[in-house]
Amino acid sequence: MKKVFPMILIVFVLSALVLAACGGGGGQSTSEKPAVPAEYAGKTNPLGSDAAAAGKTIYEERCASCHGPSGAGDGPAAAGLDPKPAHLNEVVGTAGDDYLFWRIAEGGSMAPFNSSMPAQKGILTDEQIWQVVTYIKTFK
Ligand code: HEC
């Protein structure tokens with residue numbers, strides 16, 4: 001009987017870890033961001049603020065139609081979308097560089113997002129994604 005309690009504890013800790021790895025599972029507050037996958041977690045922007053100029057050009061070509069000219073989610077294509085484009089001007093204040101890079105690279109076709117946010121991986125280089133990250137950070 002004595003060994004049962006530690007076993008329960010181990011099972012509990014393991015399931016908590018698994019849930020955390022899956023982004024917290026369902027039923028959590030929607031304002032909480034899912035955890036950044038290991039492949040992207042901890043990435044930091046290697047570029048300086050001068051990268052924003054190149055990022056602006058890419059943003060206007062590839063992002064503004066949905067996210068709007070200043071990231072307020074009010075681009076011309078936004079009306080027909082469900083879920084709606086994120087308000088990047090609010091998101092960049094709290095999201096880490098690794099979160100932003102991940103979301104831009106992988107888009108929203110996977111759970112829990114299931115959105116029309118297009119993946120940029122394979123279209124933009126890592127450097128170009130960082131340029132866009134640098135630019136959208138100027139929205140906050
Ligand atoms: C076809 C419309 C569309 C285009 C184009 C688009 N997005 Fe999105 N984006 C969305 C939608 C819809 C969401 C909200 C759902 C989600 O998080 O996937 C979103 C979410 C995001 C998020 C995550 C915000 C959060 O709170 O988690 C980031 C960051 C982002 N977009 C950046 C960009 C950037 C940068 C570009 C251009 C390279 C871009 N998007 C192009 C539709 C678009």
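Just follow the structure's listing: the first ligand is 1, and inside any ligand the first atom is 1.
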Only heavy atoms of [X], strictly under 4.0 Å: list the atoms of ligand 1 that pass.
| X | answer |
| --- | --- |
| Leu81 | 2 (C) |
| Ile104 | 32 (C), 35 (C) |
| Gly108 | 18 (O) |
| Val132 | 35 (C) |
| Arg62 | 5 (C), 37 (C), 41 (C) |

A student comparing Ala78, Pro83, Gly80 should find that the heavy atom closest to atom 12 (C) of ligand 1 comes from Pro83
Checking heavy-atom distances from atom 24 (C) of ligand 1 to each of Ala64, Ala86, Pro85, the winner is Ala86
Ring geometry between Tyr40 and Trp102 (parallel below 30°, tilted from 30 to 60°, perpendicular above 60°) = tilted
May I ask you to identify, for [X], whether its side chain, its backbone, both or neither come under 4.0 Å of ligand 1 on a heavy-atom basis?
| X | result |
| --- | --- |
| Cys63 | both |
| Pro118 | side chain |
| Lys33 | side chain |
| Leu88 | side chain |

Taking [X] for the side chain and [Y] for the main chain, is one N or O donor matched with an acceptor at less than 3.5 Å?
| X | Y | result |
| --- | --- | --- |
| His67 | Ala72 | no |
| Lys84 | Ala79 | yes |
| Gln120 | Pro118 | yes |

Problem - Salt-bridge contact Lys121-Asp126 (side-chain N to carboxylate O under 4.0 Å) - result: no
* Go through Asn114 and Ser109 one step at a time and tell me if the side chain to side chain donor-acceptor pair (under 3.5 Å) criterion holds. => CA-CA 5 Å; Asn114 304 316; Ser109 63; over 6 Å; no
Note to self: Please confirm whether Ser116 approaches ligand 1 to less than 4.0 Å, judged on its heavy atoms.
What the structure shows: yes
Q | Tyr59 heavy atom under 4.0 Å from ligand 1 | A | no
In the protein, what heavy atom is nearest to [atom], and what distance, to one decimal place, separates them?
| atom | value |
| --- | --- |
| atom 1 (C) of ligand 1 | Cys66 SG, 2.8 Å |
| atom 14 (C) of ligand 1 | Lys84 O, 3.4 Å |
| atom 17 (O) of ligand 1 | Arg103 NH1, 2.9 Å |

How long is the span from the [atom1] atom in [X] to the [atom2] atom in [Y], to the nearest 0.5 Å?
| X | Y | atom1 | atom2 | result |
| --- | --- | --- | --- | --- |
| Tyr135 | Ser49 | OH | OG | 14.0 Å |
| Gln128 | Arg62 | CD | CZ | 9.0 Å |
| Asp74 | His87 | CG | NE2 | 7.5 Å |
| Thr138 | Asn89 | OG1 | CG | 10.5 Å |

Can you see whether Asp98 engages Thr44 through a side-chain donor-acceptor pair at a distance of less than 3.5 angstrom? no
Check your understanding: Would one find an N, O or S atom of Met117, in either backbone or side chain, under 2.8 Å from atom 8 (Fe) of ligand 1?
Key -> yes
| Checking only N/O/S atoms, does His67 have one that is under 2.8 Å from atom 8 (Fe) of ligand 1? | yes
*Hey, does Tyr99 come in under 3.5 Å of ligand 1, counting only N/O atoms on both sides?*
yes
>> Can you confirm, on distance only, whether ligand 1 has an N/O atom lying under 3.5 Å from any N/O atom belonging to Ser115?
In response: yes
Under 4.5 Å between side-chain heavy atoms, counting indirect links through other Ile/Leu/Val/Met/Phe/Trp/Tyr residues: same cluster for Ile136 and Met117 or not? no
